[in-house]
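What follows is a single structure, written as structure tokens, with notes after it.
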Amino acid sequence: MSPGPADAQGRQGLVRGWAAGLLRWISLRLRLVIVFALVALVSAVSVAGIAYWLNRDSVLTRTQDASLKDFRESLQDESGELDLRAGCTDLAKAARRLSSTTQNFDVILISGGGGSGGEPGCVERSDPSFTLHDVPKTLKTAVDQRRDDGKWPYHLYWQRVTMDGTPYLVGGARVIGTDWTGYMFKSLDSERRDLNSLAWSLGIATGLSLIGSALLAQGAASTVLRPVQRLGDAARRLGEGKLDTRLRVTGTDELADLSRTFNQTAERLQQRVEELSEREKSSRRFVADMSHELRTPLTAMTAVSEVLEEEQENLDPMIAPAVQLVVQETRRLNDLVENLMEVTRFDAGTARLVLDDVDVADLVTACIDARAWLDAVELDADRGIVARLDPRRLDVILANLIGNALKHGGSPVRVSVRTTADAPGAGDLVIEVKDNGPGIPAEVLPHVFDRFYKADTARPRSDGSGLGLSIAVESARIHGGTITAANDPAGGAVFTLRLPRDSSAAAEALEQEDE
């Protein structure tokens with residue numbers, strides 16, 4: 001089955017795709033050099049080819065015309081001097097005289113029935129190396145053919161042939177009014193050598209022009225790409241946060257306009273970032289100052305609420321619910337202020353790690369026991385898994401994850417602790433918290449770690465602050481770890497905490513940032 005148009009189009013598409021992919025991997029500088037070289041090569045080859053063929057035609061035509069003209073004139077002169085009844089000896093002398101002209105060709109003279117038909121009477125040669133058999137048959141036929149369409153019944157014909165690797169011009173004519181036929185052999189070897197020398201010269205010139213074009217392309221590419229490279233370096237520094245990066249602008253061309261545009265854009269970006277940084281700093285200061293200012297009245301309110309809670313049984317039953325609400329809201333406000341201060345430390349970059357070697361199973365058990373969750377949580381953790389981390393922050397992470405699972409997923413909540421390597425002290429620490437609820441809705445899953453995010457917008461008030469999971473994520477981050485949320489195919493949501501077994505490197509990085 002022959003390939004159809006669809007197959008041809010498919011092959012063309014593959015070739016174009018391959019070419020486009022190759023160009024993507026070739027640098028712009030190399031592409032410019034290649035284009036310059038190709039243009040120079042095509043131009044040089046075209047010029048060299050035209051020059052070669054023009055010179056070849058000119059050299060061969062000049063030699064051919066001069067040799068044929070000399071042969072015709074010499075043949076006419078000899079025919080006038082020879083007797084029509086001249087013998088073979090006289091014919092041989094005439095052949096030698098014909099070959100002694102300035103054109104230096106060899107001659108064969110034939111008398112009698114020579115030519116394309118019959119046997120010749122005499123065949124005399126100026127050079128024994130050439131015989132009548134060396135004359136092409138087509139040339140013999142043309143020479144012997146009588147023409148009735150003009151003044152002369154016979155004409156001079158020629159043909160170029162190659163014998164033993166040497167090019168020759170072979171010409172022939174019959175002498176009108178006689179039975180003589182003459183053939184000449186003119187060697188074109190010297191012309192061939194001249195043309196070969198010309199071809200080598202043109203080839204060398206083509207090579208030199210190719211090298212020169214490559215050097216010019218390299219210079220042009222450097223001239224064009226140097227500003228582009230500077231622009232790329234400046235853009236890279238700007239992307240790294242060095243907003244004071246500027247380009248030195250010279251000239252009035254398009255690249256200079258591009259550099260000016262870059263400088264203007266960088267300046268506006270720096271101003272905008274500085275404005276946003278100032279606003280962010282003001283917001284952080286406001287939140288931090290507000291949290292500190294709230295601590296004093298909150299401390300008094302907490303003390304009063306604890307006294308009211310202890311005396312709740314002795315209060316009027318009409319007042320007891322209000323007292324209970326005050327106590328709950330005071331605790332909630334206190335947690336919110338503490339969370340806000342923690343978030344402020346994360347945003348300001350002042351959060352630090354206080355590392356210690358802890359048994360993870362003991363720490364998880366202590367976290368669950370301190371919050372009276374032992375009946376609602378199932379723990380799957382082998383003792384002896386020791387990690388170097390911040391115990392207080394891990395307790396905060398676990399409290400937020402387990403508390404969130406109990407609140408939104410329902411008990412029993414399963415907490416499993418494992419490592420990613422069999423060797424002691426190797427691998428990462430992995431803690432999974434799985435609840436027994438319906439799971440997290442797909443539209444909520446990407447936002448579970450956002451601050452103050454509420455899955456149900458119709459319930460603006462909740463028992464939590466909306467900051468617990470975001471604090472957990474930040475606490476894991478400064479340890480060099482991560483927290484991910486997903487739904488278990490069997491039902492329920494799964495929060496996975498992954499921390500390095502040794503967070504010393506993360507703690508050192510935080511210290512270096514502070515410096």
Side-chain angles (χ1 to χ4, degrees), residues 49 51-79 82 88 90-147 152 154-176 178-203:
Y52 176 80
W53 285 110
L54 289 176
N55 280 275
R56 179 180 183 275
D57 185 69
S58 175
V59 169
L60 293 179
T61 301
R62 183 172 61 251
T63 302
Q64 173 183 296
D65 292 346
S67 299
L68 292 176
K69 180 181 179 181
D70 193 11
F71 176 65
R72 181 190 297 112
E73 294 176 352
S74 300
L75 194 62
Q76 291 175 352
D77 294 341
E78 287 295 332
S79 64
L82 283 175
C88 293
D90 296 330
L91 205 62
K93 294 178 180 178
R96 287 193 292 272
R97 286 195 298 270
L98 286 172
S99 64
S100 63
T101 63
T102 57
Q103 294 300 322
N104 194 27
F105 48 71
D106 296 302
V107 177
I108 298 178
L109 290 180
I110 305 169
S111 66
S116 60
E119 291 296 331
C122 293
V123 178
E124 299 299 334
R125 299 169 293 172
S126 62
D127 187 344
S129 59
F130 295 102
T131 66
L132 192 58
H133 295 291
D134 295 327
V135 180
K137 292 182 179 180
T138 55
L139 181 62
K140 292 179 182 178
T141 303
V143 168
D144 291 338
Q145 186 175 1
R146 183 180 181 85
R147 306 290 180 180
W152 308 107
Y154 297 100
H155 298 276
L156 175 64
Y157 295 94
W158 60 272
Q159 186 174 345
R160 284 198 288 266
V161 298
T162 300
M163 293 184 294
D164 297 330
T166 303
Y168 286 92
L169 173 66
V170 181
R174 292 198 65 169
V175 180
I176 300 173
T178 68
D179 61 349
W180 303 335
T181 302
Y183 293 99
M184 58 156 284
F185 291 84
K186 169 64 176 177
S187 174
L188 300 176
D189 190 55
S190 61
E191 285 76 11
R192 182 179 65 175
R193 289 195 299 271
D194 293 340
L195 291 175
N196 287 340
S197 299
L198 176 63
W200 275 105
S201 300
L202 293 175

### Message
Over 60° means perpendicular and under 30° means parallel, so tell me whether F185 and F130 are parallel, tilted or perpendicular.
### Response
parallel
### Task
Check whether any side-chain heavy atom of D134 lies under 4.5 Å from a side-chain heavy atom of Y168, and answer yes or no.
no
### Message
Under a plain distance cut-off of 3.5 Å, with no hydrogens placed, do T166 and D164 share a side-chain donor-acceptor pair?
### Response
no
### Query
About how many Å separate CZ of R56 and CG of N196, when rounded to the nearest 0.5 Å?
10.5 Å
### SB check K140 D144 (cutoff 4.0 Å)
no
### Heavy-atom check, side chain of D194 versus side chain of V59, under 4.5 Å
no
### Distance in Å, C122 SG paired with L109 CG, rounded so as to fall on 0.5 Å steps
10.5 Å
### Query
Quick one: does D57's side chain have a donor or acceptor within less than 3.5 Å of a partner on W53's backbone?
no
### Query
Is there side-chain contact between W158 and Q64, with heavy atoms separated by less than 4.5 Å?
yes
### M184 and S67, any side-chain heavy atoms less than 4.5 Å apart
yes
### Task
Apply the test side-chain contact (heavy atoms from CB on, under 4.5 Å) to residues V107 and R125: give CA-CA distance (whole Å), side-chain angles for both, the deciding distance (0.1 Å), then the verdict.
CA-CA 6 Å; V107 177; R125 299 169 293 172; over 6 Å; no
### Message
By the definition side chain to side chain contact (heavy atoms under 4.5 Å, CB included), identify the one residue from N55, L188, D65, L169 that meets it with L60.
### Response
L188
### Message
Using every non-hydrogen atom in the two residues, find where P136 and V161 come nearest and quote the distance to one decimal.
### Response
CG-CG1, 3.7 Å
### Query
Can you tell me how far the OG atom of S126 sits from the NZ atom of K93, to the nearest 0.5 Å?
16.0 Å
### Query
Given side chains that start at C-beta, do those of I108 and E124 come closer than 4.5 Å, heavy atoms only?
no
### Query
Do L195 and Y52 come within less than 4.5 Å of each other through their side chains, counting heavy atoms only?
yes
#### Entry: Sidechain-backbone polar pair: S99 side chain, R96 backbone, donor-acceptor under 3.5 Å
yes
### Task
Check whether any side-chain heavy atom of T181 sits under 4.5 Å from a side-chain heavy atom of Y183, and report yes or no.
yes
### Whether S201 side chain and S197 backbone form a donor-acceptor pair below 3.5 Å
yes
### Query
Which value, rounded to the nearest 0.5 Å, describes the distance between Q145 atom CD and H155 atom NE2?
9.5 Å
### Heavy-atom pair of closest approach, residues S74 and L98
CB-CD2, 3.2 Å
### Test item: V170 and K186 side chains (from C-beta on) under 4.5 Å apart, heavy atoms
no
